[in-house]
Every structure is written in C-alpha cells, then in structure tokens.
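Everything below concerns the one structure shown next.
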Amino acid sequence: MPTFEPVLSRNFDVADGHALRVYESRGGYQAARKALTTMSPDEVVGLVKDSELRGRGGAGFPCGLKWTFLPKDRKETLMCVNADESEPATFNNRYLMELDPHQLLEGILISCFATKASTAYIYIRYEYIRAYKILEEAIAEARAAGHLGKNIYGSGFDLDVWVHRGAGAYICGEETGLIESLEGKRGWPRIKPPFPAIEGAFRKPTVVNNVETLCCVPHIVERGADWFKSIGTPKSYGPKLYTVSGHVEKQVCVELPLGVTCRELIDEHAGGVWKGRKAKAAVPGGISMGLLSADELDTPLDFESLRKPGCLGLGTAAVTVIDDHTPIIDYLINTSRFFAHESCGQCTPCREGTAWMSKTLQRIKAGGGRSEDLDIMLHMANNLGIIPGTTICGLADGAAWPIKNAVTKFRDELEEYIRTNQNPAARPTPLQIDIAEGRVVNLEANRRLGIASPLPAAALRAPEPPKL
Amino acid sequence: MSADATTRSQPPRRIAILTEPMKEKIRALFPRYPSKQAVTLPALQIVHEHLRCVPLQAMAEIAELLEIEPAEVHDTMSFYGFFPQSPLGDVRVWVCRSLSCMLRGGDELLEHACHRLGIEPGQSTPDGKVTVDYAECLGICDFAPAALADDGRVYGPLDEGKVDEMLEEVKQGRRDDPPRV
C-alpha cells in the first residue's frame with residue numbers, strides 16, 4: 001500500500017498552524033474561493049454527493065444526501081456545526097479545532113454556500129475551553145480578512161459564524177438535542193419527522209454536520225470526488241482521524257484511510273498494549289458502539305465491517321483498548337454509569353432502563369449477582385432504543401450495545417464472576433424476592449426487615465438549600 | 001398582560017444581581033440569534049463566570065432581560081447540572097471518570113484528590129479556593145487519566161503524586177489566558 005499522505009491533519013505539525021497567515025500560505029481558502037466564484041451551490045452539493053462523504057459524527061449518514069433534503073423553496077437556512085464531542089474516548093474534533101481551526105471555517109464557508117445558509121452556529125462543548133478561544137480568534141481573523149462577513153470574494157454571499165458553548169450535556173450532541181439547546185431550552189431530542197432539514201433550529205430548515213465531516217469538504221472541492229473515493233476501502237471512502245486510548249503505550253490521534261484494522265491501529269500506531277500485556281477487548285468507536293473481543297481485532301474499522309462482529313457501527317472511530325488484567329464487569333459498570341448519568345430523562349425506557357442496568361451491574365460487582373441477571377439485562381438491552389422503537393434518540397441504543405456485546409462475548413467470565421463473588425450482605429432480602437415474584441406480602445409484619453437491603457446511598461441526602 | 005399579573009410574576013424587590021456591564025454583555029448577543037431565548041445558555045454562562053454561581057434571583061433577572069418566564073430559565077439551567085446555586089471555589093477541577101481514564105485509574109485518583117482536600121466530589125475546600133468534581137469524558141483522553149481546570153489548564157497523565165502537584169498549583173488561583181479576541 002502506498003504511504004498515506006495526511007489530508008485533514010496536514011497542518012497539525014506546522015508551527016502556528018492555527019494562524020490565518022500560515023493556513024493561507026499552505027493553500028488555505030483556495031477551495032472556498034474556487035467554490036464561491038466558479039461554482040453554483042447545486043454544483044457543490046452534487047460534488048459532495050458524488051464523493052459519497054459520510055458523516056463522521058457517529059451515524060455515518062451521507063452528507064451530500066442530507067443537504068438535498070432541504071426544501072427547494074426555502075427562504076433561509078441555518079447551519080449548525082456539531083462540536084459537542086462528548087462520546088467517551090473521542091477527541092479528534094478537538095485536534096481539528098485547536099490545531100487547524102481555519103480548515104473547519106473553510107469547510108463551513110463552502111457548506112453554507114452549498115446549502116445557502118447565511119448563519120452558522122458552532123455548538124462546542126463547554127469543556128473545550130482552549131478550542132473555544134482558538135475558534136473565536138480564528139473567526140475574528142477570517143472576518144477581518146474577508147473570508148467571512150458580507151459579500152465574500154465578491155460573490156454576493158454573506159456568512160456569519162457564531163460560537164455557542166454548551167454546558168456539559170452529552171445528549172446535546174444528538175442533532176435535535178443540539179438544536180433545542182441552541183434555542184435556549186433543555187437539550188431534549190425532538191421526535192422526527194420533521195427532520196431538521198425541513199424544520200430545525202428556530203423552525204427554519206437546518207443542516208447539522210459534524211466538525212470532521214465539514215473539514216473534508218474543502219479537500220473534496222479542491223481535489224475532486226474521484227480523488228476522495230480513491231482513499232479507503234471499496235465501500236467506505238476518505239481519510240479519518242482515529243483516536244486510540246486506554247491500555248496502550250501511546251494514546252494518540254492519527255489520520256489514516258478508512259478501513260484500517262483495529263489490531264494495526266493498536267500495534268503500529270499506539271505502540272501496542274501497555275506493559276507488554278495482551279488485549280482482552282477493544283471498544284471500536286466510542287463506547288456506544290459495543291465491544292470487540294480479542295479474536296475480532298482484525299475487523300477493519302469502517303462503516304460496514306463492524307456490523308459483522310455485532311457492533312453498532314463505526315461511531316466516532318475512537319478505539320479504547322482493555323487489557324487482560326481488567327475484569328469485563330468493570331468496563332460494564334463504567335459504561336452503564338455513563339449512560340445512566342447522561343440519559344436526558346425524556347423517554348421512560350431509557351431513563352429507567354439505563355439506571356436499572358447500572359444498579360444491576362453495581363449489585364453484581366458488590367457480590368449480589370444472580371444467575372438470571374445476565375438474561376434480564378439482555379432482555380432489557382434488546383428493548384431499549386430506536387432500533388426496537390421505544391425511544392426518541394439513539395442514546396439508549398448506545399447504552400444497550402455494550403451490554404449486548406459484553407454479555408454475549410464474555411458470558412463465561414461474567415457467570416464465573418457472579419458464581420465466585422457472592423456477598424450475603426448484597427443479596428436481595430426475602431421481602432424483595434417476594435415482591436419480585438408477585439407473592440402477597442404483609443408489609444406491616446415485615447416492617448423491621450426493610451424493603452432495600454443496602455442503606456440509602458449518599459446521593460439521597462437532601463441538597464443544601466440555596467443561599468440567597 | 002394586566003398590571004396585576006405583571007406585579008405578581010415579579011420576584012420580590014431586591015438589590016439587582018446583574019450589573020450593567022453584565023447586562024450589556026448579554027444584550028450584545030441578541031443580534032446573533034433569531035430569538036432572545038437562545039441567549040439563555042450564554043447569559044447563564046456570563047453570570048456564572050462573574051459570580052461563580054447562578055442564584056435564583058439572577059435567573060429571574062435574566063428572564064426579564066430575555067423576555068421569557070423565570071421558570072423557563074430555571075428549566076434550562078437545571079437540565080445541565082453545570083450551574084450551581086451557591087458559589088464554587090475559585091477554580092473548579094474536573095477529574096475524568098469515563099472509560100479511558102477509569103482504565104488507567106481515574107476513579108482512584110478522584111478519590112485521592114478528594115481525600116487530600118478532605119471533601120466529597122462536588123464540594124469546595126473551606127477556604128473557597130478549589131472545587132473538585134467528577135466529569136464524564138472530557139475529551140482529553142490522550143492525557144488519560146486526566147483532569148481539567150475550568151480556566152482551561154489540562155492535567156495528565158496523572159498519578160497520585162501529580163494529583164498532589166496539580167492541587168497545589170490550582171490552589172494558587174486561576175490562570176485564565178487573556179482573551180484572544
């Protein structure tokens with residue numbers, strides 16, 4: 001295979017790569033100039049559609065196709081850039097914003113021109129403090145140099161870009177959750193349809209794209225759709241920033257063509273599993289996507305191949321490696337705790353289900369596991385999310401997938417754990433079992449037993465009253 | 001709205017919390033959005049930046065500015081779990097507990113940091129200098145196990161010794177970069 005020349009990360013190692021003059025000196029904003037002065041918006045949409053660029057944010061929806069869903073007779077369009085990168089173990093958008101903000105702005109400029117949007121909001125998570133400051137600086141520079149503002153390059157096209165900061169909610173990375181949050185409301189995802197392309201932010205047609213997706217656009221305009229399709233596998237095209245973290249020697253963000261295998265990524269780019277150990281499992285693309293066992297590490301990380309080992313998809317291409325010294329129950333407790341914490345509470349199956357799974361796993365860890373727990377959790381996981389059709393957004397699918405994968409692939413280990421880790425104090429009380437099995441119970445006679453065996457958690461303490 | 005209804009929906013008269021410069025900053029954001037309600041989050045952030053908390057009265061004042069009901073501001077505010085009602089320490093430190101950091105000992109380091117300061121996650125030191133809290137993935141997994149101060153300083157990869165060094169450093173106060181624009 002010929003050596004891959006970095007595309008998205010080509011300015012990462014350049015000194016002051018975030019500055020406009022450096023970006024311009026390396027050919028920056030030429031693609032935008034070409035698009036705005038020599039192409040029509042529809043030609044740009046057609047070009048991106050031909051390149052079959054698929055969204056890099058997780059779902060992998062074709063970007064050009066998304067743009068064609070906008071109503072033809074629309075008066076105003078809004079662009080929302082999804083920089084609310086909160087999927088655990090993912091940090092490639094942070095690299096793109098901190099090290100090459102003008103590449104993103106150029107992508108926004110071309111995409112807004114193509115979709116006829118005159119305002120773009122970059123919704124960035126609050127925790128990206130440095131990236132936020134760099135973006136603000138880059139926008140001011142670009143505006144002063146005439147890359148943003150009124151009548152850009154004399155084409156008559158106007159564009160304003162604003163940065164909007166989030167406030168630490170994972171769910172605001174879901175596109176309609178993001179829109180609600182942008183409108184100043186709680187970030188509750190909306191029922192679709194109507195899709196944002198028809199009725200999005202402020203009830204206007206809205207395009208929501210991920211940072212990395214938009215960063216690909218200038219390169220497609222510059223070098224063409226065929227060049228883009230020559231990178232990657234026969235079905236998944238283009239360059240992709242992969243991040244590797246967890247139990248590896250070097251935690252890195254590398255750019256590679258789509259379709260690199262998980263093992264290659266770990267061994268060649270991340271320096272192998274740490275401390276000379278072996279990998280037990282790896283998360284292929286952010287924790288929502290499930291789990292690969294050690295035998296499945298040769299799976300290519302692209303949009304199609306990950307379905308075969310039962311994962312949800314490529315997700316954000318953020319690989320987390322788990323070594324053979326880590327019990328799989330710890331991984332499950334961590335992921336279920338995350339989703340129980342981040343469930344927005346709008347749909348009952350997700351709000352109750354994620355919390356339930358988290359509590360069940362913590363009970364197993366504490367020594368109160370029962371042999372039927374695994375099947376109960378599988379049953380719950382199979383009934384949670386948009387795939388079984390019980391929730392509005394995909395958060396619950398993401399919560400279910402780690403459990404489905406881990407219980408299927410590591411069943412022996414989990415059963416062994418439940419068998420060998422039994423602690424009488426953590427077991428359910430006879431009264432709880434009576435209730436669970438539907439027997440008539442006399443609460444008055446059982447008053448002294450208590451319904452729950454563990455004492456109320458610290459979280460149940462009353463909060464301090466507000467000081468005014 | 002009748003005069004009666006207006007007086008009823010007003011909070012009892014108190015000394016205003018939002019100062020004129022803060023209000024000015026909030027008003028300056030209005031032209032960016034098609035609705036004033038969209039400024040809710042930025043306004044809460046501006047207040048939070050100045051006061052290190054968002055008291056109930058400030059929410060009522062924001063509501064007045066944005067021409068919405070105080071309950072709507074509270075609805076948004078309470079969803080995010082980010083804006084406390086009583087002041088935070090000068091520096092808020094988030095210790096990550098998500099997968100990549102947990103695998104490398106994030107949970108234990110959070111416990112260590114809290115033990116060292118004699119507080120629970122989410123609490124501030126009695127001198128009001130530092131708040132330590134857990135966080136879900138901070139997006140700095142290349143530094144895992146990592147922590148982030150709310151002035152933008154990134155700490156990691158951490159171990160117990162480095163957590164102690166970090167706490168010493170943040171006790172010295174904030175070190176915000178000067179604004180770049």
Side-chain angles (χ1 to χ4, degrees), chain A residues 85-91 93-94 119 125-130 133-134 136-137 139-140 160 162 164-170 181-188 202 204 243 245-247 251-253 283 287 318 320-323 326 330-331 334-335 337-338 341-342 344 458 464 466-468, chain B residues 14 29 32-45 53 55-57 66 68 72-73 75-83 85-87 94 96-104 107 120 135-144 148-154 157 177 179-181:
Chain A
E85 181 181 58
S86 315
E87 182 70 27
T90 311
F91 50 97
N93 290 358
R94 194 188 96 235
T119 314
R125 63 181 302 201
Y126 188 87
E127 289 83 347
Y128 282 1
I129 297 165
R130 201 174 118 82
K133 288 176 181 163
I134 289 174
E136 286 279 25
E137 182 185 55
I139 290 170
D160 275 323
W162 307 113
H164 189 96
R165 298 178 85 182
Y170 172 70
S181 177
L182 178 71
E183 289 181 357
K185 301 175 198 154
R186 47 174 61 208
W188 273 4
F202 311 106
K204 295 181 170 66
T243 59
S245 59
H247 289 152
Q251 309 191 84
V252 287
C253 172
V283 179
I287 63 173
T320 311
V321 181
I322 300 168
D323 73 11
T326 311
D330 285 1
Y331 153 82
N334 188 278
T335 52
R337 179 178 69 181
F338 174 81
H341 185 256
E342 295 298 343
C344 76
E464 284 177 43
K467 292 180 191 115
L468 280 175
Chain B
R14 291 202 181 94
L29 298 174
R32 294 187 181 188
Y33 305 94
S35 84
K36 284 189 178 171
Q37 187 176 9
V39 185
T40 309
L41 261 190
L44 288 166
Q45 280 159 356
C53 64
L56 277 173
Q57 195 196 329
L66 306 187
I68 52 179
E72 290 177 277
V73 180
D75 183 66
T76 304
M77 181 291 276
S78 57
F79 179 74
Y80 294 95
F82 182 86
F83 306 102
Q85 298 263 301
S86 51
W94 287 292
C96 183
R97 65 169 194 180
S98 280
L99 190 61
S100 297
C101 290
M102 176 282 270
L103 289 171
R104 290 173 161 241
D107 283 350
E120 302 263 325
E136 299 300 352
C137 190
L138 293 164
I140 42 177
C141 319
D142 42 346
F143 296 100
L148 176 76
D150 67 351
D151 53 9
R153 279 179 281 177
V154 170
D177 291 342
R180 286 164 172 267
V181 184

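Hydrogens, waters and symmetry mates play no part in the numbers below; they use all other heavy atoms, side chains included. Order of the sequence lines sets the chain letters (A, B, ...), proteins ahead of strands, with each chain counted from 1.
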A/Ser181-B/Tyr80 side chain donor-acceptor pair, cut-off 3.5 Å: yes
Which of the residues A/Ala318, A/Ser86, A/Gly166 is involved in the greatest number of heavy-atom pairs with chain B at under 4.5 angstrom? A/Gly166
Pick whichever of B/Ala43, B/Cys96, B/Ala38, B/Pro157 has the most heavy-atom pairs under 4.5 Å with chain A. B/Ala38
If you count heavy-atom pairs within less than 4.5 Å of chain A, which of B/Lys36, B/Arg97, B/Met102, B/Gln45 leads? B/Arg97
Below 4.5 Å, heavy atoms only, C-beta onward: do B/Gln85 and B/Met77 meet side chain to side chain? yes
Applying a strict 4.5 Å limit to non-hydrogen atoms, the region of A/Leu182 in contact with chain B is both
Interface check, chain B: of A/Ser245, A/Gly187, A/Gly168, A/Cys253, most non-hydrogen pairs under 4.5 Å belong to A/Gly187
For the interface with chain A, which of B/Cys101, B/Gly139, B/Gly81, B/Gly152 has the highest count of heavy-atom pairs at distances below 4.5 Å? B/Gly139
Most heavy-atom pairs under 4.5 Å with chain B, out of A/Glu127, A/Glu87, A/Arg125, belong to A/Arg125
Relative to chain B, which segment of A/Thr326 carries a heavy atom at a distance below 4.5 Å: side chain, backbone, both, or neither? side chain
Quick one: are B/Leu99 and B/Leu103 in side-chain contact, heavy atoms under 4.5 Å? yes
Cationic N near anionic O, under 4.0 Å, B/Asp142 to A/Arg94: yes
Hydrogens and angles aside, do A/Tyr128 and A/Glu85 bring a side-chain donor and acceptor to less than 3.5 Å of each other? yes
So for A/Thr243, is it side chain, backbone, both, or neither that comes closer than 4.5 Å to the heavy atoms of chain B? neither
Compare all side-chain heavy atoms of B/Pro42 with those of A/Arg165 and state whether any distance is below 4.5 angstrom. no
Among B/Phe83, B/Tyr33, B/Phe143, B/Trp94, which residue has the highest count of heavy-atom pairs closer than 4.5 Å to chain A? B/Tyr33
4.5 Å side-chain heavy-atom contact, A/Glu183 and B/Gln37: no
Proximal component of B/Ile68, with respect to chain A [non-hydrogen, under 4.5 Å]: neither
Chain B contact via A/Phe338 - which portion, at a heavy-atom distance below 4.5 Å: both
Identify which of B/Thr40, B/Val73, B/Asp75, B/Leu41 forms the greatest number of heavy-atom pairs closer than 4.5 Å to chain A. B/Asp75
Could you walk me through whether B/Arg104 and A/Asp323 pass the salt bridge (Lys or Arg N to Asp or Glu O under 4.0 Å) test, one step at a time? CA-CA 11 Å; B/Arg104 290 173 161 241; A/Asp323 73 11; over 6 Å; no
Close side-chain approach of A/Phe91 to B/Ser100, heavy-atom, < 4.5 Å: no
With chain A, the option among B/Ala144, B/Ala135, B/Cys53 that has the most non-hydrogen atom pairs under 4.5 Å is B/Ala144
Quick test of your reading of the model: are B/Asp151 and A/Arg130 salt-bridged, counting only N-O distances below 4.0 Å? no
Contact class of A/Thr320 relative to chain B, heavy atoms under 4.5 angstrom: side chain
Determine whether A/His341 and A/Tyr170 satisfy the following criterion, ring pair (Phe, Tyr, Trp, His ring centres under 6.0 Å), listing intermediate values before the conclusion. CA-CA 9 Å; A/His341 185 256; A/Tyr170 172 70; over 10 Å; no
When the 4.5 angstrom heavy-atom criterion is applied to A/Val283 and chain B, the contacting part is side chain
Select one option (side chain, backbone, both, neither) describing which atoms of A/Cys344 are under 4.5 Å from chain B's heavy atoms. both
Part of A/Glu342 within contact of chain B (heavy atom distance under 4.5 Å): side chain
